[in-house]
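Data first, discussion second: the structure below is written as structure tokens.
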Amino acid sequence: MFHLRHHHLFLAAAAATFLSAASAQERPAQQYAGLSAQLAAGESGLPGRSIALAVDLGPPDAEERVTDLGNGREVFRYRMAFNQIAEGWSWQPNANPAVDDYYRFKFLPVQSEWVERGEYAQEDKIGSPQLTHVRWRYDYFLAFDNLYAFYPRQVDDDAGFVAELPAGSSAHLSLRAHLRLAPPVLSESTTFWKATHAHPDDFTLKKRYFVGALTALEFVDQRTGKIWCRIEPGQGRCQAP
């Protein structure tokens with residue numbers, strides 16, 4: 001479930017870059033707003049459109065992703081075993097756990113944005129007036145239901161996408177995911193936590209999803225833009241030259 005495992009990781013997450021099929025760069029928030037407007041206007045050409053988004057990898061040492069092979073090479077592993085979307089539209093309550101997942105859709109994190117929305121005075125604890133801050137966070141994700149088109153379903157916490165790269169390259173690595181949009185194209189949920197005396201913050205979390213099928217994952221050198229290697233359906237790993 002995302003919000004339990006990744007809540008704190010996203011507090012310091014940097015904004016990721018969105019790349020459209022035409023390579024015009026937009027922030028995910030802008031792209032989401034644009035697609036929302038098109039959907040509201042009755043645009044029918046969105047399903048089937050391809051987009052590409054940079055995955056938010058979080059801290060460099062997140063989950064100990066890199067293994068040094070000791071021969072001038074290293075292995076970068078992006079684990080997917082727990083990247084399951086717990087929204088209602090992702091539930092499969094009749095799933096047989098031996099052959100299928102309860103949560104149909106998986107996610108790749110794209111961006112997290114904080115918005116400060118002012119403050120107000122209140123007295124949550126009698127005799128102790130204090131200021132309460134109003135904070136919103138918008139988390140953006142890729143949501144897709146075809147993870148096992150890339151590798152067989154397995155009970156393995158290390159299951160995910162794997163790339164063998166030149167040693168040291170993971171220090172400047174970007175992961176770019178390609179998604180083919182499918183209905184409903186976008187989805188959103190809202191969760192609210194009321195301020196308390198110990199934590200005087202009204203906190204609203206908006207989760208926003210670009211929905212479709214994953215078509216490729218590219219491991220990219222951030223400094224040069226060079227694509228080290230690319231994973232497509234039928235592959236769970238790739239190897240750079």
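Index from 1, following the sequence.
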Review point. Glu232 and Thr215: side-chain donor and acceptor closer than 3.5 Å?
Key: no
Are side-chain heavy atoms of [X] and [Y] found at a separation under 4.5 Å?
| X | Y | result |
| --- | --- | --- |
| Arg65 | Tyr78 | yes |
| Gln239 | Cys229 | no |
| Leu39 | Leu46 | yes |
| Met80 | Lys106 | yes |

Can [X] and [Y] be counted as an ion pair, charged N to O under 4.0 angstrom?
| X | Y | result |
| --- | --- | --- |
| Asp139 | Lys207 | no |
| Asp202 | Lys194 | yes |
| Arg137 | Glu113 | no |
| Arg79 | Asp157 | no |

Review point. For Tyr148, what residues pass the side-chain hydrogen bond (donor to acceptor under 3.5 Å, both in side chains) criterion, not counting sequence neighbours?
Key: Asp101
Practice item. With sequence neighbours excluded, tell me which residues meet side-chain hydrogen bond (donor to acceptor under 3.5 Å, both in side chains) with Glu119. Key: His133
Check your understanding: Between Phe219 and Leu175, is a side chain to side chain contact (heavy atoms under 4.5 Å, CB included) present by the stated rule, with each step listed?
Key -> CA-CA 5 Å; Phe219 295 80; Leu175 201 59; 3.3 Å; yes
Check your understanding: Can the ring centroids of Phe210 and Phe141 be said to lie less than 6.0 angstrom from one another?
Key -> no
Exercise for review: Let me see the working for Thr190 and Thr204 under side chain to side chain contact (heavy atoms under 4.5 Å, CB included), right down to the final yes or no.
Suggested key: CA-CA 7 Å; Thr190 304; Thr204 298; 3.8 Å; yes
Exercise for review: Could you go through the side chain to side chain donor-acceptor pair (under 3.5 Å) check for Gln222 and Ser174 one step at a time?
Suggested key: CA-CA 6 Å; Gln222 291 178 332; Ser174 175; 4.7 Å; no
Check your understanding: Pro200 and Ala195: which non-hydrogen atoms are nearest, and at how many Å?
Key -> C-CB, 3.8 Å
**Study point:** Least distance between heavy atoms, Leu214 atom then Ala177 atom
**Key:** CD1-CB, 3.9 Å
Exercise for review: Just do the ring pair (Phe, Tyr, Trp, His ring centres under 6.0 Å) check on Trp136 and Phe192 with the steps written out, would you?
Suggested key: CA-CA 9 Å; Trp136 287 45; Phe192 174 68; 8.7 Å; no
Check your understanding: Are the side chain of Ser36 and the backbone of Tyr32 linked by a donor-acceptor contact shorter than 3.5 Å?
Key -> yes
Review point. Under the 3.5 angstrom rule, does the side chain of Glu164 hit a backbone N or O of Glu74 as a donor-acceptor pair?
Key: no
Point to revise | Residues in ring pair (Phe, Tyr, Trp, His ring centres under 6.0 Å) contact with Trp89, at least two apart in sequence or another chain | key: Phe105, Tyr209
Exercise for review: Could you walk me through whether Tyr140 and Leu53 pass side chain to side chain contact (heavy atoms under 4.5 Å, CB included), step by step?
Suggested key: CA-CA 10 Å; Tyr140 293 86; Leu53 300 131; over 6 Å; no
Exercise for review: For Val110 and Asp56, run side chain to side chain contact (heavy atoms under 4.5 Å, CB included): C-alpha distance rounded to whole Å, both residues' side-chain angles, the deciding distance at 0.1 Å, then the answer.
Suggested key: CA-CA 5 Å; Val110 175; Asp56 182 358; 5.9 Å; no
Check your understanding: Should we count CG of Leu131 as having more than 12 external heavy atoms under 6.0 Å?
Key -> yes
**Study point:** Arg230, CZ atom: more than 12 neighbouring heavy atoms under 6.0 Å
**Key:** yes
